[in-house]
Structures are given as C-alpha cells and as structure tokens.
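So the structure is just underneath, and the comments pick up after that.
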Amino acid sequence: MLVEVKAPSPGESISEIEIAQLLVSNGDFVEKNQLIAELDSDKATLELYSEASGVIQFNVSEGDTINVGDVVCKIDSSIQASPPVQPLASDSKPSVTQPPSQSSPNLPTIESLSSSPVVTPVSPPQNKPSIQPTLRNNSVTIPSPAAKKILAEKGIPSNQVTGSGKGGRITKEDAIKAVPSMGTAPPGTERSLTSKKLSSLRRKIAQRLVDVKNQTAMLTTFNEVNMEAIFELRKKHKEPFFEEHGVKLGFMSFFTKAVVVGLKEFPDVNSMIDHDYKITHDYYDISIAVSGPRGLLVPVVRNAELLSFAEIEQEIVRLAVKARDGQLTIDEMTGGTFTITNGGIFGSMLSTPIINPPQSAILGMHNIISRPVVVDNKIVIKPMMYLAVSYDHRLIDGKESVGFLVKVKENLENPVELLMGGNEHQALGL
C-alpha cells in the first residue's frame, strides 16, 4: 500500500513552502513518525514526519518550492524492514554453489563474444557541407526585458553574460545567476565562489526589510544609559533568583519593563499605521529578536505589562529555545506592538535598528563598556550602553521618540524606584 505524505499548512496566510532539507534518501526504509524532511515557509521552519513504516520515494528535491497540500513523498508500507541476519551455528556447514561450466548454453563463451560482429561508425559524406545556425544582430548579448532590468540592478554588462535562451538570448534566469566579475586573480592563485539559493525565510526577511526602507519615513534617535544600578541588582540577587525561579536574572526583563513604562507614557510609539488610520494598542506585546539557525526570528512576549520579572525571563528562555530548535509557531511570531533587539551580545557598540513592520518603532540595545563619564562634576568610570530607537516619522514625531527613549533611560538608571515600586525583593519574587 502506498501512503502519500503531503506538505502541511504552516498558517492560513501561507500557500507555498520550500523543501529545506531531506533527511533520508530515496529507497530508504523509514519508521512511522520518523523525521524525514525540514520545510521552510515565510515565517517558520516545519518538520515533516513519516506517516507509515516502509520504503520511501520522494517526489521533490531540496530547494524545490511547492504548494501546501502537494505530495512530498510516497511510502510503500507493503515492504517491511529486513530481519537481521542470523549467524551460522558452529557445527553447520555452509552450502557451496558450484560455478557453472563454461559449456553452459545460457552463458556466452569467450569465443562467442570475440566472434560478435563489429559495428563500424559510418562517416558522413564529405561532399555535403554542415549547416550551422546563424545568429542575427549579435543576439548572444541581447537580454530579455526582465533580464535587462536585473543586470542593470547588479551593474553587470550584458556582454559579460552567456545566454541560454533561443538564439543565445539572455533569460531572466541567466541574469539572476549572473555574478559581477571580481577581476583577474593574481598569478599562481586559485579562487572560487559558492552559489546557494536563499531559504524561503531569508528571502521573506530580505523583502520585508526592503519594504520597510521604501515605505516608511524611518529615523533613529540615540542616548546612553548608566547600567551600574542594574549590575548591582543582578550581582546581589542572581543566585537566589535562579534558585527560586530556575532562570537567570538577565537584562531583558529590565528592558522589557522599562519599555512598557515608556510606551504607556508615549502611546504613539505603541501604535501602527493602517492606510489612513492610526491603530493604538492598549496592551503591550513585546517582540524580542533572537538569533536562530536559519536567521533572525522575532517571537512575542504577550501582555508584558502583566508579567513579573521572573515570568518575563522564563518566557524569553522558552521562546529562545524554540527558536534555536526551529519549533516556533506562526502565532508566536506575529502580533507584536514594539520590538527590542540586542546587538550587544554580538559585540555591537552602536547601530540603527530597522523597524519590524507593521510596528512603528524598535529599541536597539548594544554592548556595555566601562567608559569615563562626568558625575557630580567628577570624571568616573561607569558601565555604559548606547541605546537607539528607530521610528516611523509618519506617525511618531521627534518629541515623542526622544521623550520615550529618555524615559527608558531613566527607568533603567533607577530600577528599584521606577520599575520595582521601591521593593526589589517583592518585585523579584524573593
């Protein structure tokens, strides 16, 4: 019996998925519920499992784009796994099959092979000239309109591309595959390049980033924050916090709390544009950018205003683990009202984060460096972090964006008073 395994639906708005990786080969025997492939969609990676035990035959290859519901593979469940080979008993003697005699009528002899007629290729008549196709108007360098546009965007002259179309015409596919010349390699050196198709998720991220740059009036404002107070709180409470809640007391819970307070005071930053309307949210779903094996993902901490420090840290850990394992759902990555991204974990000192649409603003964290600053007219060394807020100027004015970032800075520099209600033990659940 042949069992068809079809491409699952990642979500209502997604109709196509890409075959990211085949984990078994054609002809392999697979067990029921065995992981056989990974599929990429615009927003998440899906795992595909065998629906029966048997021999598998794929209808697709890695990199193929298929529709939801298409048959990915068929499994012949009538074929079962071969039983293990039993060793021979010590007193048994294996049977020996005698080779057939050379006089067997079913096999050709050396003599019969050597006597086979020899086929000699016949040369074409020499008095007829061969006919070659004629190229007109140097068509080998003429690109199609779509190819011409792509080559122009890449800055590649058409005479540097070999066309695969009719009459040598440069097709759209030729233009997509074309790479600019990197010059002549120095004598005695060998250089190569690797071309690999972007995953569906990476292509979607790229398109969204380009759309943000083209469709929003994005500006960025900067400030700096003294992290000394948070350093002291974490040093003082990190061990009892971990023993009580099973997670570390990190920076993200402080930043999430500080952002929520700032958004309440500056609601435009927690809004979005929908055509001619401004949509303002009365809740605070904070998107936290995390790095996954297939790119940057942005899961959402729902109703962050209702969560404690411990609950925020636990939720971030849960989402980060699912992102690392490629198990985030569509629902866990949609619907955020504001985003926090931390480039500091990679060593970034300063950046201009890009807005996560359809949101209107994003906060960028950076690395913490001990720097000389002036406090009470004295130069002292403090652990400092640069902060950046990118915002859509169509909706948010400079006054709101700067005021919001200053509020976040004040909350972080006075966490016990402004974020913990004056009682750090109670706020941390200790």
Side-chain angles (χ1 to χ4, degrees), residues 8-11 14 17-18 20-21 23 33-49 199-202 204-205 208 230 233-234 237-260 283-348 353 356 359 362-368 428-430:
S9 173
I14 298 176
I17 57 178
E18 183 177 295
Q21 186 176 9
L23 303 178
N33 296 325
Q34 178 180 339
L35 181 61
I36 57 176
E38 291 183 350
L39 313 176
D40 271 348
S41 71
D42 291 349
K43 298 181 179 179
T45 297
L46 305 175
E47 294 179 337
L48 187 67
Y49 293 87
S199 69
S200 175
L201 178 61
R202 175 57 66 180
K204 184 64 175 180
I205 291 173
R208 284 167 63 88
I230 293 178
L233 281 171
R234 294 180 70 235
H237 299 295
K238 64 178 181 179
E239 292 184 3
F241 187 88
F242 182 81
E243 293 175 359
E244 180 67 25
H245 303 293
V247 291
K248 295 180 179 179
L249 179 58
F251 293 109
M252 292 307 300
S253 55
F254 288 94
F255 275 83
T256 302
K257 287 281 189 181
V259 161
V260 168
Y283 55 89
Y284 306 89
D285 285 355
I286 306 302
S287 304
I288 307 292
V290 297
S291 181
R294 299 187 186 278
L296 189 68
L297 302 174
V298 194
V300 181
V301 177
R302 305 285 181 192
N303 286 105
E305 75 278 10
L306 304 178
L307 303 181
S308 66
F309 280 84
E311 289 170 334
I312 292 173
E313 295 289 355
Q314 290 167 346
E315 181 66 358
I316 290 175
V317 169
R318 184 187 72 83
L319 294 170
V321 169
K322 294 191 72 174
R324 181 197 63 195
D325 297 339
Q327 296 179 347
L328 284 172
T329 65
I330 300 298
D331 181 68
E332 288 171 325
M333 292 189 290
T334 55
T337 63
F338 183 89
T339 294
I340 302 174
T341 181
N342 184 7
I345 60 176
F346 304 113
S348 173
N356 178 24
Q359 299 170 17
I362 180 173
L363 173 70
M365 301 166 55
H366 300 89
N367 60 0
I368 302 170
L428 297 176
L430 303 176

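Sequential numbering from 1 along the given sequence is applied to the chain's residues.
- Looking at every heavy atom in both residues, Phe254 comes nearest to Leu233 through CE2-CD1, 3.9 Å.
- Looking at Ile316 and Arg318, their side chains never come closer than 4.5 Å, going by heavy atoms from C-beta outward.
- Atom CZ of residue Phe309 and atom CG of residue Leu428 lie 6.0 Å apart, to the nearest 0.5 angstrom.
- Taking CG of Leu48 as the reference point, atom CD1 of Ile36 lies at 4.5 Å (rounded to 0.5 Å).
- When all heavy atoms of Val300 and Glu315 are compared, the pair lying nearest together is O-OE2, 4.4 Å.
- Put simply, the side chain of Leu39 reaches to within 4.5 Å of the side chain of Pro8, judged on heavy atoms.
- Between the side chain of Asn367 and the main chain of Gly347, a donor-acceptor pair closer than 3.5 Å is present.
- Residue Ala310 comes nearest to Val247 through the heavy atom pair O-CG2, 4.4 Å, listed as atom of the first residue, atom of the second, then distance.
- Taken to the nearest 0.5 Å, the CG atom of Asp285 stands 5.5 Å off from the OG1 atom of Thr337.
- For Glu47, the CD atom counts as densely surrounded, since its 6.0 Å shell holds more than 12 non-hydrogen atoms of other residues, nucleotides or ligands.
- Shortest non-hydrogen contact noted between Val298 and Ser287 is CG1-CB, 3.2 Å.
- Summarising the geometry, atom CD1 belonging to Ile330 is positioned 9.0 Å from atom OG belonging to Ser9; distances are rounded to the nearest 0.5 Å.
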Taking it one step at a time, do Met252 and Met365 satisfy side chain to side chain contact (heavy atoms under 4.5 Å, CB included)?
CA-CA 10 Å; Met252 292 307 300; Met365 301 166 55; 3.7 Å; yes
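- A cation-pi geometry, defined here as NZ or CZ lying under 6.0 Å from the six-membered ring centre and within 45° of its normal, does not hold between Arg234 and Phe241.
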For side chain to side chain contact (heavy atoms under 4.5 Å, CB included), just list the numbers for Lys322 and Leu297, CA-CA rounded to whole Å, side-chain angles, deciding distance to a tenth of an Å, and then say yes or no.
CA-CA 10 Å; Lys322 294 191 72 174; Leu297 302 174; over 6 Å; no
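- Nearest approach of Leu430 to His245, heavy atoms of both residues: CD2-NE2, 4.5 Å.
- Using modelled atom types, no side-chain atom of Glu38 and backbone atom of Ala20 make a donor-acceptor pair closer than 3.5 Å.
- The shortest non-hydrogen separation linking Lys257 to Leu307 is NZ-O, 2.6 Å.
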Where do Asn356 and Arg208 land on the side chain to side chain contact (heavy atoms under 4.5 Å, CB included) test, with the steps shown first?
CA-CA 8 Å; Asn356 178 24; Arg208 284 167 63 88; 3.3 Å; yes
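- Of the possible donor and acceptor atoms, none in the side chain of Glu332 sits under 3.5 Å from a partner among the backbone N and O of Leu319.
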Side chain to side chain contact (heavy atoms under 4.5 Å, CB included), that's the test. Do Phe251 and Ile368 meet it? Break it down for me.
CA-CA 11 Å; Phe251 293 109; Ile368 302 170; 3.7 Å; yes
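- Atom CD1 of Ile362 and atom OG1 of Thr341 lie 5.5 Å apart (nearest 0.5 Å).
- To the nearest 0.5 Å, atom CD of residue Glu244 and atom CG of residue Leu249 are 13.0 Å apart.
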